[in-house]
Amino acid sequence: MRKNSTILFTLLALCVVVLFAADMCVGSVDITLRDIWAVITGGECDPITTKIIIDIRLTKALMAILAGAALSVSGLQMQTLFRNPLAGPYVLGVSSGASLGVALFILGAPLLGLGGSSLLSSFGVAGAAWIGAAAVLAMVAAVSRRIKDIMVILILGMMVGSAVSAIVQVLQYMSHEEALKSFVVWTMGSLGDVSTTQLLLIVPAVVAGLTIAVAVIKPLNLLLLGEPYARTMGLNIGRTRMLILLSTTLLAGTVTAFCGPIGFIGLAIPHLARTMFHNADHRILMPATALLGAVALLICDIVSKLLTLPVNTITALLGIPIVIWVVVRNKNIV
Amino acid sequence: MVAVAEITGRREIGEEHFNSIATSYISTSQRIAEHTATTTRPRVMINTPYRDAWVLPSENNYMARIISDAGGCCYTTEGKGNTSKPIDIEQALLYAESADFWLNVGSCHTLQELTSQNPRFAKVKVVEDKKVYNNTARSTAPVGSDFWESGVVRPDIILKDLAMIFHPEIIAQEHTLYYYTRLN
């Protein structure tokens, strides 16, 4: 079994490298491999080609790896915490909170006559989304300190999400065409709107989130046995919950803030990892999920570039048949 | 315009207005055509990106046609009729690098707003040369744009605005920008 896992991990790592290279080569502008290599190794190339390779392709490919790993790992944590195979990174309202932040920024500010405010524009869409996501998660986390039953928190997260969606719909209903279009496009998700400067903010946040995720591998394994049993094994449930929520805020919150909500990956990839590795141990599942998430989002990014479609539509169109196939083939995936 | 005039029993006045707009449009476009027969048409980029996609008009789109009549050469996509299609941000960057003018930049009123929303396009030549114009000179309460309201029935004024931007030497004596404004 251990030998099989090693082979699978090697294959997945190889896939990440190959797909990363493929993602760098695909784009609407024809750029030769020699030029790509010259830019990456610091050689000479014309400025516009350098700009396309560094500012667009490299940033996008790195973002695909980071977002894929981050969303998948936070999905895995949510599925184990809530003991629910339908849980994903957005189950606690991260996506709805981010949408509210962006809706207030894009739709609400012009309605209040604050559209041109320099203070507001300095926050940017990403800042507004991050604040929205963090605010909703902080609220859920504060309530969860008083509630023992984890299912109540799940319901609470979904209710907060619905309430926030209603507010967003009111803002959409009252907004004018240009702002509405910007908001709808944001909800479609995109890996290509991230600048190299923003990437320098995203990397530490995602690395911190993944570090916390690795730190809770043992508690996650104990939670598989149920909270009462985990408690008898000496697990501090409250502290574990807080760490998992913090990790989700850093992972899903950051990715959603900069890329918009990206569906399917966080829900489906942990199931694919379980099927592929035939294992429920988080010491195996955590890295497997991260690598599979990176592979999946790199594939989706390549397809979205070839078809000039939003990445969110590709993740759903490519992902849903896979999930249905996995569910039909393996009835006991959790 | 003529249909509304007919309904209100003023068909003759309606036809007179319509014909004066049509005559004005045709005479301006003929003057521009004569001028551009011996000069180069500037390359024009329109719209702004929505995240990593940029929507451009097709060759027969009304905006591409009016830019062409005004003596410009609009970057377009393939497609029939009055359609628009998204292009990849890489292609858009390539076009923007070689554009002489950038028009219709959404809700941006200053170059700073434009470059903070689209940092990748901050260093393109057209922005550095400050040759960016938006159709937001006239607004209607609360958040409407007069370009998309009265502009629909005054293509002759839009044509003169665009000619003023691309070839001021032809029209500067008789026209000042009406719907368009230069971003600073």
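Worth saying up front: this structure is predicted, and the values here are computed from it rather than measured. Naming: A, B, ... by sequence-line order, numbering from 1 per chain.
- Remark: E149(B) CD is packed, more than 12 non-hydrogen atoms of other residues, nucleotides or ligands lying under 6.0 Å away.
- Other residues, nucleotides and ligands contribute more than 12 heavy atoms inside 6.0 Å of the CD atom of E169(B).
- When the candidates S304(A), S195(A), S28(A), P310(A) are compared by the number of heavy-atom contacts under 4.5 Å with chain B, S28(A) comes out ahead.
- Between the CD1 atom of I89(B) and the OG1 atom of T308(A) there is a distance of 11.0 Å, given to the nearest 0.5 Å.
- Residues L94(B) and I48(A) share a closest heavy-atom pair of CD1-CG1, 3.6 Å.
- Heavy-atom minimum distance, V26(A) versus E90(B): O-OE2, 4.2 Å.
- Near-neighbour residues of residues 55-65 of chain B relative to chain A, defined by a heavy atom under 4.5 Å from a heavy atom of that chain, are none.
- Qualifying ring pair (Phe, Tyr, Trp, His ring centres under 6.0 Å) partners for F20(A), counting only residues two or more places apart in sequence or in other chains: none.
- For the atom pair CG (L307(A)) and CG (D88(B)), the distance works out to 11.5 Å, reported to the nearest 0.5 Å.
- Around the CD atom of E15(B), the shell of radius 6.0 Å holds more than 12 heavy atoms that belong to other residues, nucleotides or ligands.
- For H17(B), the NE2 atom is loosely surrounded, since the number of other residues' heavy atoms within 6.0 Å does not exceed 12.
- Looking at every heavy atom in both residues, R120(B) comes nearest to V194(A) through NH2-O, 3.3 Å.
- Atom CG of D46(A) has more than 12 neighbouring heavy atoms from other residues, nucleotides or ligands inside a 6.0 Å radius.
- When the shell of 6.0 Å around CD of E174(B) is examined, it contains more than 12 heavy atoms from other residues, nucleotides or ligands.
- The CD atom of E97(B) sits 5.0 Å away from atom NZ of K51(A), with the distance rounded to the nearest 0.5 Å.
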